[in-house]
Amino acid sequence: MSFRSYMEIALEEARAAAARGEVPVGAVVVSPEGEIVGRGGNRTREDNDPTAHAEIVALRQACAALGLERLPGYDLYVTLEPCPMCAAAMSNARIRRLYYGAEDPKSGGVAHGAKVFSHAQCHHAPEVYDGIAAVEAEALLKNFFAARR
């Protein structure tokens with residue numbers, strides 16, 4: 001089986017989030033067969049919900065569509081290193097692989113900060129692949145915040 005990245009679709013979700021005035025982060029959940037089962041961009045402002053990060057939106061959509069509380073064997077693509085909350089949600093969902101774009105030294109929870117997957121209390125740690133389309137993901141974020149200063 002050859003590798004296919006779904007990061008471009010996550011970037012589409014990030015661009016759509018930016019157009020709504022949200023921080024441009026997008027996420028996609030992909031089945032073992034390569035089908036997109038959940039997708040979303042940040043919705044914290046639109047939904048008045050501090051938990052409505054792109055990853056949570058995509059995980060909720062995937063679980064609802066499949067009628068499952070866990071997603072073993074599923075992969076998640078996200079444009080920015082997940083925060084600790086989102087990393088914990090991925091662990092609870094039993095995500096198989098996490099692919100992310102830009103690093104987040106300030107608020108990340110995978111390679112920076114809390115490093116959720118490396119704690120003994122973490123019940124499941126996905127395989128992690130970073131730097132996927134990182135330059136474009138980082139540019140989206142930098143442009144978004146530069147326009148607001």
Side-chain angles (χ1 to χ4, degrees), residues 1-66 71 73-118 122 124-149:
M1 179 179 193
S2 63
F3 173 76
R4 175 182 174 207
S5 176
Y6 292 81
M7 191 59 79
E8 184 53 44
I9 298 164
L11 286 164
E12 288 173 15
E13 291 292 337
R15 289 188 283 271
R20 294 191 308 271
E22 301 278 357
V23 175
V25 178
V28 177
V29 177
V30 180
S31 76
E33 297 76 33
E35 177 186 352
I36 295 172
V37 294
R39 60 191 296 168
N42 276 356
R43 301 185 74 84
T44 59
R45 290 182 175 97
E46 186 174 350
D47 292 354
N48 296 312
D49 179 355
T51 69
H53 291 195
E55 301 94 310
I56 302 295
V57 171
L59 286 169
R60 285 178 179 159
Q61 188 180 92
C63 288
L66 298 166
L71 301 167
Y74 289 72
D75 298 339
L76 191 142
Y77 290 77
V78 61
T79 58
L80 180 65
E81 176 184 349
C83 72
M85 174 186 69
C86 292
M90 284 177 235
S91 176
N92 287 322
R94 307 299 195 261
I95 289 296
R96 174 179 58 178
R97 293 185 194 111
L98 164 64
Y99 300 91
Y100 70 85
E103 291 185 341
D104 190 354
K106 180 180 173 191
S107 301
V110 176
H112 299 90
K115 298 182 182 176
V116 170
F117 301 138
S118 64
C122 180
H124 170 79
E127 294 175 33
V128 177
Y129 301 90
D130 61 357
I132 312 294
V135 172
E136 186 171 355
E138 188 175 317
L140 275 171
L141 289 158
K142 284 183 177 181
N143 292 339
F144 176 83
F145 288 113
R148 280 159 174 61
R149 290 185 182 118

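The analysis underlying the following values was restricted to heavy atoms, covering all of them including side chains, and did not include hydrogens, waters or symmetry mates.
- G101 and A134 make their closest contact through O-CB, 3.6 Å (heavy atoms, listed as atom of the first residue, atom of the second, distance).
- A donor-acceptor pair under 3.5 Å is absent between the side-chain atoms of E127 and the main chain of R96, judged by distance alone.
- Across all their heavy atoms, V78 and P82 have their closest contact at CG1-CG, 3.9 Å.
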Quiz item: Could you walk me through whether V29 and I36 pass the side chain to side chain contact (heavy atoms under 4.5 Å, CB included) check?
Solution: CA-CA 6 Å; V29 177; I36 295 172; over 6 Å; no
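- The distance from the CG atom of N48 to the CZ atom of R43 is 11.5 Å, given to the nearest 0.5 Å.
- By the 4.5 Å heavy-atom criterion applied to side chains, L80 and L141 are counted as neighbours.
- Taking a cutoff of 4.0 Å between a charged side-chain nitrogen and a carboxylate oxygen, E12 and R15 do not qualify as a salt bridge.
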Practice problem: Apply the test salt bridge (Lys or Arg N to Asp or Glu O under 4.0 Å) to residues D75 and R94: give CA-CA distance (whole Å), side-chain angles for both, the deciding distance (0.1 Å), then the verdict. | Solution: CA-CA 9 Å; D75 298 339; R94 307 299 195 261; over 6 Å; no
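- The SG atom of C63 sits 9.0 Å away from atom OH of Y74, with the distance rounded to the nearest 0.5 Å.
- Ion pairing between D130 and R97 fails under the 4.0 Å rule for side-chain N and carboxylate O.
- Contact detail for V25 and A54: the closest heavy-atom pair is O-CB, 3.4 Å.
- Within the 3.5 Å criterion, the main-chain N or O of R39 finds a donor-acceptor partner in the side chain of Q61.
- Side-chain contact between R60 and T51: present, with at least one pair of heavy atoms (C-beta onward) separated by less than 4.5 Å.
- No side-chain N or O of E8 forms a donor-acceptor pair with one of Y6 less than 3.5 Å apart.
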Practice problem: For side chain to side chain contact (heavy atoms under 4.5 Å, CB included), just list the numbers for E35 and V30, CA-CA rounded to whole Å, side-chain angles, deciding distance to a tenth of an Å, and then say yes or no. | Solution: CA-CA 5 Å; E35 177 186 352; V30 180; over 6 Å; no
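- In this structure, L71 and I95 have side chains that are in contact, with non-hydrogen atoms separated by less than 4.5 Å.
- Nearest approach of A137 to A102, heavy atoms of both residues: CB-N, 4.0 Å.
- Of all non-hydrogen atoms in S91 and C122, the two that sit nearest each other are OG-SG, 3.4 Å.
- A heavy-atom distance below 4.5 Å is found between the side chains of V128 and V110.
- Using a distance-only test at 3.5 Å, with no hydrogens or angles considered, no donor-acceptor pair links the side chain of E55 to the main chain of M90.
- The distance from the CE atom of M7 to the OH atom of Y77 is 7.5 Å, given to the nearest 0.5 Å.
- The two residues F117 and A87 have their closest heavy-atom pair at CE2-O, 3.3 Å.
- Looking at heavy atoms from C-beta onward, R45 lies in side-chain contact with V23 at the 4.5 angstrom threshold.
- For the pair E22 (side chain) and G41 (backbone), a donor-acceptor distance under 3.5 Å is absent.
- Looking at T44 and N42, their side chains never bring a donor and an acceptor atom within 3.5 Å of each other.
- Contact of the P24 side chain with the T79 side chain is not registered, since no non-hydrogen atoms from C-beta on lie closer than 4.5 Å.
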